[in-house]
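Predicted model only: the values in this text are computed from it and were never measured. Reckoned from all heavy atoms, side chains included, excluding hydrogens, waters and symmetry mates. Letters A, B, ... are given to chains in the order of the sequence lines, protein chains preceding strands, and every chain is numbered from 1.
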There are 2 protein chains.
Amino acid sequence: MKEYQVGEIAKSVGVNVETLRYYEKIKLMPKPKRKESRYRVYDDTDLKRLKFIVRAKELGFTLKEIKELLNLKIESSATCGDVKHLAEHKLTDIENRIKDLMNMKKVLTKLVHQCIQEEVSADECPILEVIEYKVNDGDK
Amino acid sequence: MKEYQVGEIAKSVGVNVETLRYYEKIKLMPKPKRKESRYRVYDDTDLKRLKFIVRAKELGFTLKEIKELLNLKIESSATCGDVKHLAEHKLTDIENRIKDLMNMKKVLTKLVHQCIQEEVSADECPILEVIEYKVNDGDK
DNA sequence: ATAATACCCGTGGTATGGTACGGAGTCAAG
DNA sequence: CTTGACTCCGTACCATACCACGGGTATTAT
């Protein structure tokens, strides 16, 4: 089984050495064994775990959630249903964020289209006026 | 023109008093005048500005961007085109975030559907296995 | 007059996910 | 045996957007 030192393993998954130390500190990665020189020594199990973390991050899981996923994997009592539960929760979360963003997009798009005469002073820009919509009660 | 003290104005737009002090500190809100008692005194102009901030935040602008928008409004040389530019930038930003989230959603949805037997041990959960997909090179 | 709010201020903490710094020790090559 | 690259560690700092704390003053209500 191959052994790596921190710089190697970090480079191979594309994270910073400091990041790895950080993951160790927050207990997302286990404390690796050390050489006599105190240099950290990682193996393929660590590499696998680290890759899992990076991949799960790409899927939108937070570090805290990733820790939960990894713990489930280890707890012998945990079931696939538990994992599914976490994934579904995340999915709902993502769907809500999409909904919010779509709404912002709709409003902003409309705003951008209202600005026809770009040379007009910003003070009279329809975009700013519409953002103020709820503010101006007809006066001004 | 009506005058408000910090608690009133904060309550009327639904933000915390501390938040208002924070906005003042980061120069998003101007330093208000004070009574002899040093109490802050706000007027309708301040209220309008604060409402603008809250509204722009709902549209997804960061405090920094809101500051820019408000500065544009004041600079007499700024044009509506400048404002439009900021809004378009934000729009692109939002669109990218939506794209990322949609992708996450797609993958996660697929993952969730792969988990049929919920009673199976988490260790053999297809969700976790697929997250590891890129890790396992056929072995194990 | 006194109690209950409301406000003042500076400072420090929260959460998230790291990055940067700097002095010291280690290791391999020349 | 020296140089350069790598690693060690603790600590501090980045951005974002606030919230909490605590001691003191002001205002308001009873």
Could you state the CD-P distance from B:E65 to D:dA15, rounded to the nearest angstrom? 15 Å

Nucleotide of D:dC19, D:dG10, C:dG17 approaching A:R21 most closely (side-chain heavy atoms): D:dG10

Sorted by position of nearest nucleotide on DNA chain D, 5' first, the leading residue of B:K64 and B:R38 is B:K64

Is any side-chain N of the basic residue among A:D44 and A:K48 closer than 4.0 Å to the acidic one's carboxylate O? no

Nearest whole angstrom, please: distance from the C1' of D:dA17 to the CG of B:L63. 6 Å

May I ask you to say what B:R40 touches in the nucleic acid, namely base, sugar-phosphate or nothing, with a heavy-atom cut-off under 4.0 Å? sugar-phosphate

Atom CG of A:D93 and atom P of C:dT16 are separated, to the nearest Å, by 13 Å

Taking the nucleotide of DNA chain C with the nearest heavy atom to each, does B:K25 or B:V17 sit closer to the 5' end? B:V17

Is there a side-chain polar atom (N or O) of A:Y23 under 4.0 Å from OP1 or OP2 of C:dG18? yes

Under the criterion side chain to side chain contact (heavy atoms under 4.5 Å, CB included), I'd like the reasoning laid out for A:L63 against A:Y22: C-alpha separation, chi angles, the key distance, then a yes or no. CA-CA 11 Å; A:L63 298 187; A:Y22 173 67; 4.0 Å; yes

Whole-Å distance separating the OH atom of B:Y22 from the P atom of D:dC21: 19 Å

Does atom CD of B:Q117 have more than 12 heavy-atom neighbours, drawn from other residues, nucleotides or ligands, at distances under 6.0 Å? no

Counting just side-chain N and O atoms, does B:Q5 come under 4.0 Å of either OP1 or OP2 of C:dC7? yes

Is the shortest side-chain heavy-atom distance between B:L70 and B:L28 below 4.5 Å? yes

Using a cut-off of less than 4.0 Å, is there contact between a side-chain N or O of A:T62 and OP1 or OP2 of C:dT16? no

Does C:dG17 have OP1 or OP2 under 4.0 Å away from a side-chain N or O of A:T19? no

To the nearest Å, give me how far apart CD (A:E36) and C1' (C:dC27) are. 12 Å

Starting from P on C:dT26, measure out to NZ on A:K35 and report it in whole angstrom. 12 Å

Can you pull out the residues from residues 6-16 of chain B that lie within a 4.0 Å heavy-atom distance of DNA chain C? B:V6, B:G7

Considering heavy-atom distances to DNA chain D, does A:Y39 or A:E18 have its closest nucleotide positioned more toward the 5' end? A:Y39

With sugar-phosphate meaning primed atoms plus P, OP1 and OP2, does A:K57 contact a base, only sugar-phosphate, or nothing at under 4.0 Å between heavy atoms? sugar-phosphate

If hydrophobic clusters are built from ILVMFWY residues whose side chains come within less than 4.5 Å, do B:V15 and B:I66 share one? yes

If you count the non-hydrogen atoms of other residues, nucleotides and ligands that lie under 6.0 Å from NZ in B:K105, is the total more than 12? no

A:K2 atom NZ, neighbour heavy-atom count above 12 within 6.0 Å: yes

Euclidean distance, atom CD of residue B:E24 to atom P of D:dC18 [Å, nearest integer]: 15 Å

Is it true that a side-chain atom of A:K90 and a backbone atom of A:E65 form a donor plus acceptor pair closer than 3.5 Å? no

Integer-rounded Å distance: C:dG18 P and A:L28 CG: 9 Å

